[in-house]
Amino acid sequence: AVDGIEILSGDTYFLTKSDEAVVVFDYDKTVVEGKPLMEYLKGQGSDWVEEWPENQEFISGKFVEYFNDKSKGMTLVEKEKAPYKLVIHVDKMDFGSVAGNPFNMYSGGAEISGTVEVVDASSGKKCLSMDFTDIQGVRQMSATWRLEFAFIELAKRLLKFAK
């Protein structure tokens, strides 16, 4: 693995193409502290459950914004039709905490692990599959912001393959 990302199959060429891709964030199998995501959110209180869709939309929007700003190839779009899909399966997530080593900005940051796939939208064929492990963002006061920075870190590392 390079920088927490390992190519499982396919070609990173698909990240360099000047094509559009619809981005999809898949949390169906996400585990947080050993619990399914929704069970974890319920354990944190009803506010966490109610705010999750809006927070997830904010986080995905920041991921897309960062990726598109830095990408010299693929452009992520929110429309239904595009030649490709970029699917981010989040298998494991840690929301991080405010506490942490004050001399290390990553201490206490959110952490994510899972897979990224580039899929040809017309055929459904996987063009690229990559594992990402322990991608960590910086410590922030808000759990949403901590998670946002973990996803921005994922975007940074994916873009290294798009050169």
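Note that this is a predicted model, so its numbers are computed, not measured.
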Set of side-chain contact (heavy atoms from CB on, under 4.5 Å) partners for E65, sequence neighbours left out: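 Applying side-chain contact (heavy atoms from CB on, under 4.5 Å) to E65 gives K62.
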
With sequence neighbours left out, what residues match T16 under side-chain contact (heavy atoms from CB on, under 4.5 Å)?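 Y13, A162.
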
Got a sec, which residues hit salt bridge (charged side-chain N to carboxylate O under 4.0 Å, His left out) with [X], two or more places apart in sequence or on another chain?
X	answer
D19	K17
E20	K79
D26	none

Say whether, by atom type as modelled, one donor and one acceptor occur between the side chain of R157 and the main chain of I5 under 3.5 angstrom.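 Answer holds: no.
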
With side chains defined as the heavy atoms from C-beta onward, is the minimum distance between [X] and [Y] less than 4.5 Å?
X	Y	value
L154	I88	yes
M130	V118	no
W145	F58	yes
F67	V23	no

Mind listing the closest non-hydrogen atom pair of [X] and [Y] along with its distance?
X	Y	answer
A82	A121	O-CB, 3.2 Å
Q136	G109	NE2-O, 3.3 Å
A110	A150	O-CB, 3.7 Å
L15	L158	CD1-O, 3.8 Å
G114	D91	CA-OD2, 3.4 Å

Can you name the side-chain hydrogen bond (donor to acceptor under 3.5 Å, both in side chains) partners of [X], sequence neighbours left out?
X	value
T12	none
N55	T144
D131	none

Under 4.5 Å between side-chain heavy atoms, counting indirect links through other Ile/Leu/Val/Met/Phe/Trp/Tyr residues: same cluster for [X] and [Y] or not?
X	Y	value
V119	V116	no
V87	I112	no
V64	V77	no
V24	L8	no
I7	I135	yes

Atom CD of E78 and atom OG of S60: how far apart are they, to the nearest 0.5 Å?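 E78 CD to S60 OG: 6.5 Å, rounded to 0.5 Å.
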
With rounding to the nearest 0.5 Å, note down the distance linking CG in D134 to CD in E153.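 If I round to the nearest 0.5 Å, the distance is 12.5 Å.
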
Which donor-acceptor pairs under 3.5 Å do side chains of residues 28-46 form with protein atoms, sequence neighbours excluded?
from: T30; atom 1: OG1; to: Y27; atom 2: O; distance (Å): 3.2
from: T30; atom 1: OG1; to: V90; atom 2: O; distance (Å): 2.5

Can you name the residues that form a ring pair (Phe, Tyr, Trp, His ring centres under 6.0 Å) with F63, not counting sequence neighbours?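 F25.
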
Among residues at least two apart in sequence or on other chains, which ones pass ring pair (Phe, Tyr, Trp, His ring centres under 6.0 Å) with Y84?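 Partners of Y84 under the ring pair (Phe, Tyr, Trp, His ring centres under 6.0 Å) test: F14.
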
Any pair with a residue in residues 115-125 that passes side-chain hydrogen bond (donor to acceptor under 3.5 Å, both in side chains), sequence neighbours left out, goes on the list, sorted by first then second residue, please.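 Sorted result for residues 115-125: H89-E117, E117-K126, D120-S122.
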
